[in-house]
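Here is the structure we will look at.
Only heavy atoms go into these numbers, but all of them, side chains included; no hydrogens, no water, no symmetry mates.
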Amino acid sequence: MKGGFELSEDIFLEVYDSRSYNNNVIRESINAMFKIAGELKGKVILVGGWSVYYWVDNVLGYNGIPSIDIDFLAKAESFEEIKEVMKNLGFQSAGFRFAKPIKTLIVREDVKVDFLFDKKPSQLSFDTPFASSIFGNRYYSKVHFEVRDFGRDLIAEGGDVDVAFPEAVLALKFDIYTNAEDYPDDKRDKHWKDVIDVYSLIMGFYKKRDVWREKDFHLRRDILRELYKAKSYKPASIYEVLNESQYKEDIKVMLADYVGFRVFEEKLFERRLRELEEIIKNNQ
């Protein structure tokens, strides 16, 4: 790593092995993401790690971290069609999650796809009140999505992918840590990645604030407030995760050297999160 800092062994192996662009699981994750988005065009919205990747890598100009799992929002009315599409793509249903085994040289790994619905279509499904608001208010963009390696060479691309607005992506991330009881425990297993994702969006858009219309804040307040009405969330919950993480130094190194912020501005990050909390709570 640059700057004389090194990652801990487990994070280094995950980033440069499990999340390597040469890894078959990552390749299949990219392939499946674009196929699902194409097959279910207009019926699913990309959220989670790959949506962060789009905004960070394709829009803000930093290096996005590839995601292993894929997350979509969907409407309950599309449930049967989703099951059929996923079956045809080789995925097996496991409750609210679909999984596809990928053979590697060492162990069998799975590409997992999670769907969060506007209302429960089955007993084993998960729902979120954010879904109705995001669909109803069109808090998403139809985009041309490119995945590039560290040399900026094109690996894959997908057209007409519906990606949730960064404000919607953030609300969902905050919700996982504010209302942990509403999500399975494994949603927080990669908390270091979530901290990096939130930092990349908050600080990335802050540094690009001159291209946004609102002079005092870089993300759209109206969207953040509307989603907060649907379900309350606490932006500062992510800073609490950062402070308590055993991977705090890894997070700093990743943001500086991998994502490309060069300097990790911890105090400014905390201040932006708390400002965001005041904005959405006080309707300023």
Side-chain angles (χ1 to χ4, degrees), residues 1-2 7 11-73 85-86 88-91 98 100-105 109-114 140-166 168-169 173 190 193-194 196-201 203-205 207-208 211 253-262:
M1 302 298 291
K2 294 179 289 186
L7 294 172
I11 298 298
F12 182 89
L13 287 173
E14 167 140 3
V15 173
Y16 292 101
D17 183 15
S18 300
R19 295 178 186 269
S20 164
Y21 290 108
N22 295 321
N23 188 296
N24 288 337
V25 179
I26 290 295
R27 293 279 182 160
E28 180 55 34
S29 181
I30 296 168
N31 183 49
M33 171 178 61
F34 289 146
K35 281 187 176 179
I36 295 166
E39 293 282 341
L40 295 166
K41 190 177 296 184
K43 297 177 181 178
V44 295
I45 299 171
L46 185 68
V47 292
W50 277 119
S51 64
V52 174
Y53 181 100
Y54 171 76
W55 291 109
V56 171
D57 197 283
N58 286 223
V59 176
L60 295 175
Y62 295 99
N63 292 315
I65 301 175
S67 184
I68 298 172
D69 298 341
I70 309 164
D71 297 272
F72 287 104
L73 294 181
V85 166
M86 297 304 289
N88 291 339
L89 292 176
F91 284 84
F98 293 84
K100 183 176 183 178
I102 305 296
K103 292 182 180 179
T104 67
L105 292 175
E109 296 187 54
D110 292 331
V111 171
K112 301 182 182 71
V113 184
D114 293 351
Y140 57 92
S141 294
K142 193 175 296 295
V143 306
H144 181 80
F145 193 136
E146 296 183 346
V147 180
R148 296 180 179 272
D149 63 19
F150 291 118
R152 305 309 293 171
D153 293 323
L154 186 66
I155 293 174
E157 58 185 325
D160 294 340
V161 179
D162 287 327
V163 179
F165 285 173
V169 177
K173 292 282 187 184
K190 303 300 181 192
K193 171 72 162 48
D194 286 325
I196 290 171
D197 284 350
V198 172
Y199 185 99
S200 298
L201 290 176
M203 300 302 289
F205 277 100
K207 292 178 182 299
K208 298 281 186 180
V211 304
V253 173
M254 285 292 296
L255 284 164
D257 287 357
Y258 185 112
V259 182
F261 279 94
R262 292 185 292 182

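- Under the 3.5 Å distance criterion, the side-chain polar atoms of Ser20 are matched with a main-chain donor or acceptor of Asn22.
- Between Phe150 and Tyr16, the ring planes are tilted. Angles from 30° to 60° get that label.
- Around atom NZ of Lys35, no more than 12 heavy atoms belonging to other residues, nucleotides or ligands sit under 6.0 Å away.
- Annotation: side chain of Trp50 is not in contact with side chain of Asp71 (no heavy-atom distance under 4.5 Å).
- Phe98 contributes atom CZ, which lies 10.5 Å from atom CG of Leu89 (distance to the nearest 0.5 angstrom).
- Nearest heavy atom pair, residue Val169 against residue Gly48, reads CG1-O, 4.4 Å.
- With rounding to the nearest 0.5 angstrom, the CD1 atom of Ile70 is 4.0 Å from the OG atom of Ser29.
- Contact check for Leu46 versus Phe72: side-chain heavy atoms found under the 4.5 Å cut-off.
- You'll find the side chain of Ser18 stays beyond 4.5 Å of the side chain of Val25, heavy atoms only.
- Of all heavy-atom pairs between Tyr140 and Ala164, the closest is CB-CA, 3.9 Å.
- Counting only heavy atoms from C-beta outward, the side chains of Ile65 and Met254 approach each other to under 4.5 Å.
- Of all heavy-atom pairs spanning Ser51 and Val163, the tightest one is CB-CG1, 3.8 Å.
- Arg152 is listed as a side-chain neighbour of Asn63, based on a closest heavy-atom distance under 4.5 Å.
- Contact annotation: the side chain of Asp69 never approaches that of Val111 to less than 4.5 Å [non-hydrogen atoms, C-beta and beyond].
- Under the 4.5 Å side-chain criterion, counting only non-hydrogen atoms from C-beta, Leu7 is not in contact with Leu13.
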Would Ile36 and Met86 count as a side-chain contact (heavy atoms from CB on, under 4.5 Å) if you check the C-alpha gap in whole Å, the side-chain angles of each, and the deciding distance to 0.1 Å? CA-CA 8 Å; Ile36 295 166; Met86 297 304 289; 3.7 Å; yes
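- Atoms OH and CG, from Tyr62 and Asp57 in turn, are 12.0 Å apart once rounded to the nearest 0.5 Å.
- The closest donor-acceptor contact from the side chain of Asn58 to the backbone of Phe145 lies at 3.5 Å or more, if one exists at all.
- In this structure, the side chain of Lys100 does not engage the main chain of Val113 through any donor-acceptor pair within 3.5 Å.
- Within a 6.0 Å radius of NZ in Lys43, other residues, nucleotides and ligands contribute 12 heavy atoms or fewer.
- The shortest non-hydrogen separation linking Phe34 to Glu157 is CE1-C, 3.6 Å.
- A distance of 7.0 Å separates NZ of Lys41 from NZ of Lys142, quoted to the nearest 0.5 Å.
- In this structure, CG on Asn31 lies 11.5 Å from CG on Asn24, to the nearest 0.5 angstrom.
- Among residues two or more places apart in sequence or in another chain, the side-chain hydrogen bond (donor to acceptor under 3.5 Å, both in side chains) test is passed with Glu14 by Arg19, Lys190.
- Scanning both residues, Tyr21 and Arg27, for their nearest heavy atoms gives O-NE, 2.6 Å.
- To the nearest 0.5 Å, atoms CG (Asp149) and CD1 (Ile155) are separated by 4.5 Å.
- With contacts defined as side-chain heavy-atom distances shorter than 4.5 Å, the pair Leu201/Val56 qualifies.
- Here the closest non-hydrogen pair linking Ser141 and Trp55 is OG-CH2, 4.3 Å.
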